[in-house]
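Read through the structure below, which is laid out as structure tokens, and then see the notes.
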Amino acid sequence: MQKKERYNELVEYFSTNYPEAETELNYSNPYELLVAVILSAQCTDKRVNIVTEKLFPRFPTPESLAASTADEVFEYIRSVSYPNNKAKHLVGMARILVNDFNSEVPNTIEDLQKMPGVGRKTANVIVSVIFNQPAMAVDTHVFRVSHRLGLVPKTAKTPLLVEKQLIKHIPKDKIAVAHHWLILHGRYICVARTPKCGECNLKPFCQAYEKQKFDTPHL
DNA sequence: ATCCCGAGGG
DNA sequence: CCCTCTGGAT
């Protein structure tokens, strides 16, 4: 199957089955989403939501977070991965937000990446979810699923290369929702260790499944 | 033992 | 390019 067909099938399938896929992180404003996404690195959304339930009431604004210390923030986030780094990042992020951006979450990935803890993936999530820009954040799920399905060439060995490929081939008005499609598919079906191909409706369009069938015909 | 919506530093 | 950070779930 050609790549263009795979993309068409993907958009067709997910548009029908997950028309309104969105993030599973809890948040009620741009600042909270920024905090939640920083916390989500190498950590499940479920765990992040447990932490932010108490973190947000204590630090409801960029000002309140900027006025705190990494040590205090650490106590609230100790159960996520890399709590030390993230505590420092969160306070540093809030201080730049207050000092350089008038406490408003900026709307370009360039400005967003000026803040500690905000890399390209986090910045892309913010401009996509908050500012409705056609940006594709490539995390571990998007990276893995894109390669397995055969949406990107094997030579796309970095998140940035995968991002450029996906942006190029997915219709502009579907890019934001497609990000969440790939996340959900990666989280619940096309999981890292033992993908649940038996439950997957994308089998007919999946390069990895094709190859597996060819290598082990008894399947 | 491996993975979870990565980022920073060398 | 590599390494480190580093808790919880499976």
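Lettering follows sequence order; numbering is per chain, from 1. Reckoned from all heavy atoms, side chains included, excluding hydrogens, waters and symmetry mates.
- Listed candidates were B/dC3, B/dG8, B/dC5. Nearest to the side chain of A/Arg187 is B/dC5.
- Looking at heavy-atom distances under 4.0 Å, A/Pro83 makes contact with sugar-phosphate atoms alone, never a base.
- The CZ atom of A/Phe74 sits 7 Å away from the P atom of C/dG7 (whole-angstrom rounding).
- Between A/Arg193 and A/Lys121, the one whose closest nucleotide on DNA chain B sits nearer the 5' end is A/Arg193.
- For A/Ser79 and C/dG8, the shortest distance from a side-chain N or O to OP1 or OP2 is not below 4.0 Å.
- Per the geometry, CE belonging to A/Met115 stands 12 Å off P belonging to B/dA7, to the nearest Å.
- Summarising the geometry, the separation between NE2 on A/His141 and C1' on B/dC4 is reported as 6 Å, rounded to the nearest angstrom.
- Of the candidate nucleotides C/dG8, B/dC3, B/dG6, B/dG6 has the atom nearest to the side chain of A/Ala41.
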Take A/Lys121 and A/Glu163 through the test salt bridge (Lys or Arg N to Asp or Glu O under 4.0 Å) and record every step on the way to the result.
CA-CA 10 Å; A/Lys121 178 251 159 179; A/Glu163 176 188 328; over 6 Å; no
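- In this structure, A/Val37 reaches neither bases nor backbone, as no heavy-atom distance under 4.0 Å exists between it and the strands shown.
- For the residue pair A/Glu63 and A/Ser103, a side-chain donor N or O sits within less than 3.5 Å of a side-chain acceptor on the partner.
- Distance, A/Asp139 CG to B/dG6 P: 5 Å, rounded to whole Å.
- Residue-level contact check: A/Asn84 touches the backbone only, with heavy atoms under 4.0 Å from sugar-phosphate atoms and none from bases.
- The phosphate of B/dG6 has neither OP1 nor OP2 within less than 4.0 Å of any side-chain N or O from A/Arg120.
- Between A/Lys88 atom NZ and C/dT6 atom C1' there is a gap of 13 Å when expressed in whole angstrom units.
- When the side-chain nitrogen and oxygen atoms of A/Ser81 are compared with OP1 and OP2 of B/dG6, none of them lie within a distance under 4.0 Å.
- Of the N and O atoms on the side chains of A/His147 and A/Arg144, not one donor lies less than 3.5 Å from an acceptor on the other residue.
- Within the nucleic acid shown, A/His179 comes within 4.0 Å of at least one base atom, counting heavy atoms only.
- Distance check, rounded to the nearest 0.5 Å: CG of A/Asn201 to CG of A/Asn17 gives 6.5 Å.
- Candidate nucleotides B/dC4, B/dG8, B/dC5 were compared by shortest atom distance to the side chain of A/His89, and B/dG8 ranks first.
- Checked by atom type, the side-chain pair A/Asn26/A/Glu53 shows no donor-acceptor distance below 3.5 Å.
- Contact annotation for A/Thr122: backbone-only contact, meaning every heavy-atom pair under 4.0 Å involves sugar-phosphate atoms and none involves a base.
- Here C/dT10 presents its P atom at 11 Å from NZ of A/Lys196, a figure rounded to the nearest Å.
- With its ring centre under 5.5 Å from that of the base six-membered ring and a plane angle below 30°, A/Tyr82 counts as stacked on C/dC5.
- Residue order along DNA chain C, read from the 5' end via each residue's closest nucleotide, puts A/Cys43 first among A/Cys43 and A/Lys46.
- Between A/Arg144 and B/dC5, a side-chain N or O to OP1/OP2 separation shorter than 4.0 Å is absent.
- When the C1' atom is used for both B/dC3 and C/dC5, the distance is 16 Å, rounded to whole Å.
- Looking only at side-chain heavy atoms (C-beta outward), A/Ile38 and A/Val35 stay at 4.5 Å or farther from each other.
- Expressed to the nearest 0.5 Å, how far CE of A/Met115 lies from CG of A/Leu97 amounts to 5.5 Å.
- Residue whose closest nucleotide on DNA chain B sits further toward the 5' end, between A/Thr44 and A/Pro116: A/Thr44.
- When rounded to the nearest whole Å, the span between CZ of A/Arg78 and P of C/dC5 equals 18 Å.
- To the nearest angstrom, C1' of B/dC4 lies 12 Å from OH of A/Tyr188.
- Separation of the C1' atoms belonging to C/dT6 and B/dT2 is 14 Å when rounded to the nearest angstrom.
- Residue order along DNA chain C, read from the 5' end via each residue's closest nucleotide, puts A/Thr158 first among A/Thr158 and A/Gln42.
- In the interface, the side chain of A/Ser40 is not paired with the base of B/dC4 through any donor and acceptor atom under 3.5 Å apart.
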